[in-house]
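Computed from a predicted model, the values in this text were never measured in an experiment.
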Amino acid sequence: MALNIEVLGPQRHQVGESPLWSAAEQALYWVDIDACRLWRWDAADGRIEHWSTPERLACIALRTEGGLIGGLETQLAALLPRPGGELQVLPLASVSHPEPGMRFNDGRADRDGRFWAGTMVRNMALASPAGQLYRWDGHGLSEPLMDGFITPNGLAFSADGRTMYLSDSHPSVQAIWRYKLDAEGLPRGGRELFVDMTQHPGRPDGAAIDVDGCYWICGNDAGQVHRFRPDGKLDRSIALPISKPSMCSFGGPQLDQLFVASITPAKPAPGFDASLDGAVLVLSPGTQGLAERPCSAPFA
């Protein structure tokens, strides 16, 4: 499926990730992980700002008390962007990783405002299954709820909050799973294979849910975004001009725009526009997404 695709600003990123729409601000936030930067685009005037972070910042969610909550290398923190490039980073919880060289990776708030985030060994070539999944509930960080991930990705939650989607995007796995959540929002009954991504172009990366309950996921290395129906069947695929889309998120005043962050590959990929590598793309896919829920993250 071909759509009109726009580019959000001239900036390009090493590892662009975690696009996040703030309806209250009418603004988009996202991160560049390896550049240790948080970015923001104001839809009203088109202004783009960025802030430096003390560690690699991989995932973000809105914060009820203002600002954001983010997963960095060794901690979850409240992030308070200020004018002039000042960023307050207020630690919420530290993490003791099972192996060296780890960081948070994909993260998202569930429908009740709890922040979920997975961890990974930064060097994917090691294929270490040391990755774990944590949850912040506003009072503290849980012990790891799941483990055994190489590159956890694709976190998304159904509109009723009773289903969680999660993937492992490592080339040796490439699976998307579905979990049933109980009344406390915890996974119960094991995981179910939702999509075997070895049967589709690209590795599963960041994802979003639309108003029809369909699951949108970036096909990293294949330059596509896929939409899967709730039964796991492929509904459609959208070709992009960049090879490594990393995460998609709905936004805009009507939540009918799809923002797609991307990664700059080590070498330009044939058949794609290298001048757009690392860009944030914007398209209108003909449906709407779900508003992001803020997380409560108070601090002393």
Side-chain angles (χ1 to χ4, degrees), residues 1-3 19 21 105-112 114 116 118 131 133 135 145-146 148-240 245-251 254-261 283-293:
M1 179 179 182
L3 294 175
W21 179 256
N105 193 44
D106 191 46
R108 175 169 248 124
D110 66 18
R111 300 301 171 212
D112 291 307
R114 296 169 293 226
W116 298 70
L133 183 69
R135 188 180 80 166
L145 298 176
M146 300 179 196
F149 300 102
I150 303 175
T151 314
N153 256 316
L155 270 167
F157 297 88
S158 61
D160 64 4
R162 301 307 298 270
T163 302
M164 178 178 75
Y165 299 88
L166 178 64
S167 73
D168 194 317
S169 63
H170 193 269
S172 65
V173 185
Q174 298 198 64
I176 306 171
W177 301 288
R178 180 165 51 190
Y179 300 80
K180 293 301 180 184
L181 303 180
D182 63 17
E184 285 73 45
L186 292 169
R188 299 294 185 220
R191 68 189 187 190
E192 171 192 359
L193 182 65
F194 178 58
V195 176
D196 176 3
M197 277 294 289
T198 64
Q199 304 303 307
H200 302 281
R203 294 182 294 108
D205 212 317
I209 298 287
D210 68 22
V211 292
D212 299 315
C214 293
Y215 179 83
W216 294 74
I217 190 157
C218 291
N220 200 320
D221 293 326
Q224 297 188 28
V225 177
H226 306 294
R227 183 189 198 232
F228 290 97
R229 301 197 305 257
D231 62 4
K233 302 297 183 183
L234 179 66
D235 176 72
R236 54 179 151 137
S237 298
I238 299 174
L240 303 173
S246 56
M247 185 174 179
C248 55
S249 180
F250 285 94
Q254 306 302 320
L255 296 177
D256 58 355
Q257 294 176 294
L258 192 68
F259 295 90
V260 183
L283 54 111
S284 298
T287 188
Q288 293 174 294
L290 303 173
E292 297 288 344
R293 289 293 302 270

Asker: Look up atom CG in Leu258 and atom CG in Leu283, then write down how far apart they are to the nearest 0.5 Å.
Answerer: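 Interatomic distance, Leu258 CG to Leu283 CG, rounded to 0.5 Å: 5.0 Å.
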
Asker: Where the side chain of Gln288 meets the backbone of Gln254, is there a donor-acceptor pair that is under 3.5 Å apart?
Answerer: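 Checking the backbone N and O of Gln254 against the side chain of Gln288, a donor-acceptor pair under 3.5 Å is found.
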
Asker: What are the two closest heavy atoms between Leu240 and Val260, and how far apart are they?
Answerer: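 That closest heavy-atom pairing would be CD1-CG1, 4.1 Å.
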
Asker: Within a strict 4.5 Å, meaning less than it, do heavy atoms of the Asp205 and Ser246 side chains meet?
Answerer: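 The answer is yes, as the side chains (C-beta and beyond) meet within the 4.5 Å cut-off.
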
Asker: Can a donor-acceptor pair be found, under 3.5 Å and without considering hydrogens, that links the side chain of Ser249 to the backbone of Phe259?
Answerer: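 Absent.
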
Asker: Any sub-3.5 Å donor-acceptor pair from Arg108's side-chain atoms to Gly206's backbone N or O?
Answerer: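 No.
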
Asker: Is there side-chain contact between Tyr165 and Leu155, with at least one heavy-atom pair below 4.5 Å?
Answerer: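 No, side chains not in contact.
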
Asker: Are Asp112 and Arg114 within salt-bridge range, i.e. N to O under 4.0 Å?
Answerer: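 Yes, this pair counts.
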
Asker: Before you tell me yes or no, could you show the steps for Thr163 and Lys180 under side chain to side chain contact (heavy atoms under 4.5 Å, CB included), namely the whole-Å CA-CA distance, both residues' side-chain angles and the distance that decides it to 0.1 Å?
Answerer: CA-CA 5 Å; Thr163 302; Lys180 293 301 180 184; 3.4 Å; yes

Asker: Using a 4.5 Å cut-off on heavy atoms from C-beta on, say whether the side chain of Asn105 contacts that of Phe149.
Answerer: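 No, their side chains stay 4.5 Å or more apart.
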
Asker: What side-chain donor-acceptor pairs closer than 3.5 Å can you find for residues 211-219, not counting sequence neighbours?
Answerer:
residue: Asp212; atom: OD2; partner: Arg227; partner atom: NH2; Å: 3.1
residue: Tyr215; atom: OH; partner: Gly154; partner atom: O; Å: 2.8
residue: Trp216; atom: NE1; partner: Asp210; partner atom: OD2; Å: 2.8

Asker: Side chains of Ile150 and Ser172, heavy atoms from C-beta outward: is any pair under 4.5 Å?
Answerer: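 Sidechains of Ser172 and Ile150: in contact.
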
Asker: Does the distance from a Lys or Arg side-chain N to an Asp or Glu carboxylate O, for Asp231 and Arg229, drop under 4.0 Å?
Answerer: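 Yes.
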
Asker: Hey, are the side chains of Leu181 and Phe157 touching, using non-hydrogen atoms and a 4.5 Å cut-off?
Answerer: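 A side-chain contact exists here, since the closest heavy-atom pair is under 4.5 Å.
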
Asker: When you measure from the side chain of Arg111 to the backbone N and O of Ser158, does any donor-acceptor pair fall under 3.5 Å?
Answerer: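 Side chain of Arg111 to backbone of Ser158: a pair is present.
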
Asker: Taking the side chain as every heavy atom from C-beta outward, state whether His226 and Val195 have any atom pair closer than 4.5 Å.
Answerer: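 Of all side-chain heavy-atom pairs linking Val195 with His226, none is under 4.5 Å.
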
Asker: If I compare all heavy atoms of Cys248 with all of Pro19, which pair ends up nearest, and what's the gap?
Answerer: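 Result for this residue pair: C-CG, 4.2 Å.
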
Asker: Can you list, pair by pair, the side-chain donor-acceptor contacts under 3.5 Å of residues 183-192, counting residues two or more places apart and other chains?
Answerer:
residue: Arg188; atom: NE; partner: Asp182; partner atom: OD2; Å: 2.6
residue: Arg188; atom: NH2; partner: Asp182; partner atom: OD2; Å: 3.2
residue: Glu192; atom: OE1; partner: Arg178; partner atom: NE; Å: 3.4
residue: Glu192; atom: OE2; partner: Arg178; partner atom: NH2; Å: 2.9

Asker: Can you confirm whether Pro245 sits close enough to Gln224 that some side-chain heavy atom of one is under 4.5 Å from a side-chain heavy atom of the other?
Answerer: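 No - every pair of side-chain heavy atoms lies 4.5 Å or more apart.
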
Asker: Rounded to the nearest 0.5 Å, what separation is found between the CG atom of Leu145 and the CG atom of Leu133?
Answerer: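 With rounding to 0.5 Å, CG (Leu145) is 6.0 Å from CG (Leu133).
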
Asker: Quick check for you: to the nearest 0.5 Å, what is the distance between Glu292 atom CD and Leu255 atom CG?
Answerer: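 Glu292 CD to Leu255 CG: 9.0 Å, rounded to 0.5 Å.
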
Asker: How are the rings of Phe228 and His200 set to each other: parallel, tilted or perpendicular (split at 30° and 60°)?
Answerer: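 Judged by the thresholds at 30° and 60°, the geometry between Phe228 and His200 is perpendicular.
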
Asker: Would you find a donor on one side and an acceptor on the other, under 3.5 Å apart, between the side chain of Asp168 and the backbone of Thr151?
Answerer: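 Pair found, side chain donor or acceptor close to backbone of Thr151.
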
Asker: Determine whether Arg236 and Pro285 make a side-chain contact, defined as any pair of heavy atoms from C-beta on separated by less than 4.5 Å.
Answerer: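 Arg236 vs Pro285: side chains touch.
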
Asker: With rounding to the nearest 0.5 Å, note down the distance linking OG1 in Thr287 to CZ in Phe250.
Answerer: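 If I round to the nearest 0.5 Å, the distance is 6.0 Å.
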
Asker: Give the minimum heavy-atom separation between Asp106 and Pro152, together with the two atoms involved.
Answerer: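 That closest heavy-atom pairing would be CB-O, 3.6 Å.
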
Asker: Check the pair Met197 / Arg203 against side chain to side chain contact (heavy atoms under 4.5 Å, CB included), numbers first and verdict last.
Answerer: CA-CA 7 Å; Met197 277 294 289; Arg203 294 182 294 108; over 6 Å; no

Asker: Run Met164 and Asp110 through side chain to side chain contact (heavy atoms under 4.5 Å, CB included) and show every step you take.
Answerer: CA-CA 8 Å; Met164 178 178 75; Asp110 66 18; over 6 Å; no

